[in-house]
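Notes follow the structure.
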Amino acid sequence: MENKSKDFLRRIVEEDLNAGKYNEVVTRFPPEPNGFPHIGHAKSIAINFGIAKDYQGHCNLRMDDTNPTTEDTQYVEALKDAVQWLGFEWDNNVRYTSDYFPKLYAYAIELIKMGKAYVDSTNEEEMRELRGTVTQAGKRSKYAERSIEENLELFEKMKNGEFKDGEHVLRAKIDMSASNMKMRDPLLYRIRHAHHFRAGDEWAIYPMYDFAHCLSDYIEGVSHSICTLEFENNRDIYNWVLDTLGLKPTRPYQHEFARLGINYTVMSKRKLLELVEGGQVNGWDDPRMPTIAGLRRRGYTPESILNFCDSIGVAKANSMVDVAQLEFAIRDDLNTKVPRVMCVMNPLKVTITNYEGSEEIEASYYPHDVPKEGTRKLPFSKEIYIDKSDFSENPEKGYFRLTPTQAVRLKYAYIISCKEVIKDDNGNVVEIKAEYHADSKSGNDTSGIKVKSAIQWVEANNAKQIEVRLYDRLFKTEAPEGVEDLNPDSLKIIKDALIEPAVINEKPDVRFQFEREGYFYADPVDYSDEKPVFNKIVGLKESSSKKKKVVKQTAKPQPKKVQIDGEVVPMTTEEQALFDNYTNELKLNSEVANTLARDAQLSAFYQEALEAVNSPVGIANIVTNDVARELKQKELNELNYTPKQIAELMKMVDDELISTKIAKQVFEEMSKSGEEPTKIVESKGLVQISDPAVILPMIDEVIAKNPENVEKFRAGNTKLLGFFVGQVLKATKGKGNPKVVNELVARQLG
RNA sequence: UGGGGUAUGGCCAAGCGGUAAGGCAUCAGUUUUUGGUACUGACAUUCGGGGGUUCGAAUCCCUCUACCCCAUCCA
């Protein structure tokens, strides 16, 4: 964890911890129990529980059960299950927002008493109209003028179930013209005469997400409330509720990250539900589903999913992760864990005409590069099965396996050569007559025959028949919309695959690698000794030479897209006059003049500074860059420095007392402490060093320390000049005159 | 359209004014009784476009563009 760069959430947590904002990190995973958790939830679980673990805090599991009509206890179980299966422990008992209903109700009454909430009795349509649009302000309902007493009385009656659904709601009194739509007097409570799976029929009113969530976080002592991007607009209400209620610190703050998207699948509850209800899949735990239950039944390990979540990172950019990344995670995990066994999917009989009797061959469960122990016995006789795809009568170039003229090794056993191909009436190959090479037995092969491949096989009389379910991606398109994009071949069932007996008799594991096929998992539901069933978790990686059939979808060299510049808002006449003055009289370049002229605050600041020191270009630059940056965050009167001080700073640059690099540093300091620039330069000894006699030895030292980079530079990697300049500047603690250093470095290296 | 976000290779993603990390994918090669694994190497003269500031910009400023979220009595 030390060297790895941290994601932005962890960085926030660390900053807060360092600032002493919280004593302990408390996070929470707060799903609504209205559906089965999917791999997107796994990401959220990994983040919330992972952060708590990393910083010795704790994480709560909370069911956000504020909507009685959609939620159910079966989902609660699925959620608990998912968290546990992924290996996390929640702090204490599972929490439920419904447990906080009384407290929430009390907070609502407080808001009413403060005049910050009111009972609104407008109907739904009218309310929508009054809310306005994104460009038009809304209008407040006439009911907002009700007295506190009336509100209190009405709200209590709402709670007591004296009104019908939809007759009244409780709203926060915020701002009907807020540019953030969510802040236009958001609903706090609605009436719902419905049975709640936990609270029963006790409540006739239920809190809305925006009211319940922040307060639940607060009640639980959550420090970092982490959610997905679509709640960014809700953050304002989150803060409003907690601030307005004047809750004593420390209170939680909300932070948002991008939800997980994976190609060739869907992730929304709605679409997942459609698949289940439409019968396109066999339930929530269908192995093709991206649900935790589905992944689990498919055979994914918790470790692989956690590794996957770790590998994709946490950021704020909406993204679509390639399934290949998920597939890598499970292959990578299983590779070092599971036994290898032989299974023939599409059996082709091979009779070894020159072999008599039978034997047992000892074979390791693990390849040479997996440091695990374990062997089993493989029966062998003259009748075996190999996979149909491992024989080709008319092989393409580059085919490594058995052909009429190419011998192949039966893995762990002998090399065989094809002698005769037997076909049925339709010309299909139904059997191979082959001969084995007695001196080619695995381990003491003295035959000298070179083969290109070793293939899997099973002995005919001892092999067990199994059912194999071959899963492929559920959708055929990268960003599927609905059922029309379903992959018709997402499930193929092979009823009569043949597997070596040890798998069934010894049961060395539940997950296997079927050699040269992929990773498989004994289906936890349908498997029985009489009828073994295996799910394909994922195939082995195939190098391009084997999957020659696949048309190479090589880079479509898209032309660099031409961007059309939009129209720029024209300047007002005053701005235009200012612009002309700046460019003509003060000789500012048009870009700088443009920035200045269009911003009244900036131009005022600039002109005031100009009165103190007559350095039009220099001051313009620092004002349009550094001052402008500050002004994005702060108001003019919040600035810690005056225009005059900026002018003085510029004067030092003009006088070559300090470099522009140091000027930036001094600027930072001014903006922090408000100190005079000259004082800062003086007290910190920031006067720049231009004396080659001082700089040269430093350059020599840097050059001596970086022989490889010197070589690279001399070989033509000229961008390394910046590296050397940087190093030397660092040695001078930033005080070196960059122009001088640049020249000297170039000379010394050249 | 007002507001809030986001843009770094095919896909994720570090980077916070001084040599464009890393993973997946892809392509070569070596090892291999899995066309697997492991190992080695290749893969962004450039960070959405255009300007500006700077000795030096993915990073600071201006501007344009594209995409996502918000007008549920869902969460």
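Convention: sequence-line order gives letters A, B, ...; per-chain numbering from 1.
- Remark: the A/Y414 side chain and the A/D445 side chain contain no N/O donor-acceptor pair separated by less than 3.5 Å.
- When Watson-Crick and G-U wobble pairs are counted only if both distances are under 3.5 Å, B/rC39 pairs with B/rG29.
- When each of B/rC55, B/rG35, B/rA71 is scored by its nearest atom to the side-chain atoms of A/R128, the top-ranked nucleotide is B/rA71.
- A/D185 has no carboxylate O lying under 4.0 Å from a charged side-chain N of A/R131, or vice versa, which leaves the two without a salt bridge.
- Two rings, from A/F512 and A/F520, have their centers 6.0 Å or more apart.
- With B/rG52, B/rG18, B/rU19 as the choices, the nucleotide that has an atom nearest any side-chain atom of A/F723 turns out to be B/rU19.
- Taking the C1' atoms as reference points, B/rA13 lies 14 Å from B/rA25, given to the whole Å.
- The base of B/rU54 lies outside donor-acceptor range of the side chain of A/K739, with no N or O pair under 3.5 Å.
- Salt-bridge formation is not detected for the pair A/K182/A/D236: no Lys NZ or Arg NE/NH1/NH2 atom is positioned less than 4.0 Å from an Asp or Glu carboxylate oxygen.
- Following rounding to the nearest Å, A/N717 (CG) and B/rU46 (C1') show an atom-to-atom distance of 14 Å.
- For the P atoms, the distance linking B/rU59 with B/rG17 amounts to 11 Å, nearest Å.
- Residue A/K316 is classed as a sugar-phosphate contact, given heavy-atom separations below 4.0 Å to backbone atoms only.
- B/rA57 and B/rU72 have their C1' atoms separated by 46 Å, given to the nearest Å.
- The side chain of A/A317 sits closest to B/rU6 out of B/rC73, B/rU6, B/rG4.
- A stacking contact between A/F328 and B/rG23 is absent: the pair does not combine a ring-centre distance of less than 5.5 Å to the base's six-membered ring with planes differing by less than 30°.
- Classification of A/E327 and A/K541 as a salt-bridged pair fails, no side-chain N sitting under 4.0 Å from a carboxylate O.
- Looking at heavy-atom distances under 4.0 Å, A/D64 makes contact with sugar-phosphate atoms alone, never a base.
- Base engagement by A/L540 is indicated by at least one non-hydrogen atom pair under 4.0 Å involving a base atom.
- A pairwise comparison of heavy atoms in A/F308 and A/L260 identifies CE2-CD2, 4.0 Å as the closest pair.
- Comparing atom distances between the A/V568 side chain and each of B/rU63, B/rU34, B/rG35 picks out B/rU63 as nearest.
- Spacing of P atoms, B/rU65 relative to B/rC73, comes out at 33 Å, to the nearest Å.
- Between A/E327 atom CD and B/rU37 atom P the separation is 13 Å, expressed in whole Å.
- A distance of about 25 Å separates the P atoms of B/rU40 and B/rU45, rounded to the whole Å.
- Among the atoms of the strands shown, only primed sugar atoms or phosphate atoms (P, OP1, OP2) are found under 4.0 Å from some heavy atom of A/V314.
- Within 4.0 Å of A/K411, counting heavy atoms only, lies at least one base atom of the nucleic acid.
- Taking only distance into account, the side chain of A/K661 meets the base of B/rG18 through a donor-acceptor pair shorter than 3.5 Å.
- Set against B/rU19, B/rA14, B/rC12, the side chain of A/L720 has B/rU19 as its closest nucleotide.
- For A/D369 against B/rG36, a side-chain N or O and a base N or O form a donor-acceptor pair under 3.5 Å.
- Picking from B/rC16, B/rU34, B/rC55 the nucleotide with the shortest atom distance to the side chain of A/P738 gives B/rC55.
- Here A/Q456 lies out of heavy-atom contact (under 4.0 Å) with every strand.
- Across all strands shown, B/rC16 has no partner, as no Watson-Crick or G-U wobble contact with both distances under 3.5 Å is found.
- When the nucleotides B/rC11, B/rG36, B/rG35 are ranked by their closest atom to the side chain of A/R516, B/rG35 comes out on top.
- Between A/Y238 and A/F231, the distance separating the two ring centers is not shorter than 6.0 angstrom.
- Note on A/G166: a base of the nucleic acid sits closer than 4.0 angstrom, heavy atoms only.
- As rounded to the nearest Å, B/rA58 and B/rU26 have C1' atoms that lie 25 Å from one another.
- If you check every strand for non-hydrogen atoms under 4.0 Å, A/S177 touches nothing.
- Between the CD1 atom of A/I174 and the P atom of B/rG3 there is a distance of 19 Å, rounded to whole Å.
- Here A/T624 does not reach the OP1 or OP2 of B/rC61: none of its side-chain N or O atoms lies under 4.0 Å away.
- With B/rU72, B/rG18, B/rC61 as the candidates, the nucleotide lying closest to the side chain of A/R131 is B/rU72.
- Contact of A/N625 with B/rG52 (side chain to base): a donor-acceptor pair of N or O atoms is detected under 3.5 Å.
- Among the atoms of the strands shown, base atoms are found under 4.0 Å from some heavy atom of A/T135.
- Distance check on atom P: B/rC69 versus B/rC62 gives 27 Å, rounded to whole Å.
- For the pair A/T70 and A/N34, the tightest heavy-atom approach, listed with the atom from each and the gap, is O-CB, 3.4 Å.
- Base contact: A/G443 has a heavy atom under 4.0 Å from a base atom.
- In terms of polar N and O atoms assigned as donor or acceptor, the side chain of A/Q727 never comes within less than 3.5 Å of the base of B/rG18 in a complementary pairing.
- Between the CZ atom of A/F257 and the P atom of B/rC12 there is a distance of 16 Å, rounded to whole Å.
- Within the nucleic acid shown, A/V725 comes within 4.0 Å of at least one base atom, counting heavy atoms only.
- Closest approach of A/T69 and A/A194 over heavy atoms only: CG2-CB, 4.1 Å.
- Counting any heavy atom pair closer than 4.0 Å across all strands shown, A/Y189 reaches no nucleic acid atom.
- Taking 3.5 Å as the limit, the base of B/rC68 and the side chain of A/N318 contain no donor-acceptor pair of atoms between them.
- Aromatic pair A/Y189/A/F155: centroids less than 6.0 angstrom apart.
- Contact of A/E591 with B/rU63 (side chain to base): no donor-acceptor pair of N or O atoms is detected under 3.5 Å.
- Taking the P atoms as reference points, B/rU53 lies 49 Å from B/rC39, given to the whole Å.
- The residue A/V169 sits close to a base: some heavy atom pair falls under 4.0 Å.
- OP1 or OP2 of B/rG36 has not a single side-chain nitrogen or oxygen of A/R331 nearer than 4.0 Å.
- Using a 4.0 Å heavy-atom criterion, one finds that A/F713 contacts no nucleic acid atom at all.
- B/rC24 atom C1' lies 13 Å from atom CD1 of A/I262, rounded to whole Å.
- Of the nucleotides present, B/rU65 is the one that pairs with B/rA7 by Watson-Crick or G-U wobble criteria, both distances under 3.5 Å.
- When rounded to the nearest whole Å, the span between CG of A/L631 and P of B/rC62 equals 10 Å.
- Distance from the side chain of A/N742 is smallest to B/rC55 among B/rC12, B/rC55, B/rC73.
- Distance from the side chain of A/E32 is smallest for B/rC74 among the nucleotides B/rU53, B/rC74, B/rA25.
- The base of B/rG3 sits with one of its N or O atoms less than 3.5 Å from a complementary donor or acceptor on the side chain of A/N233.
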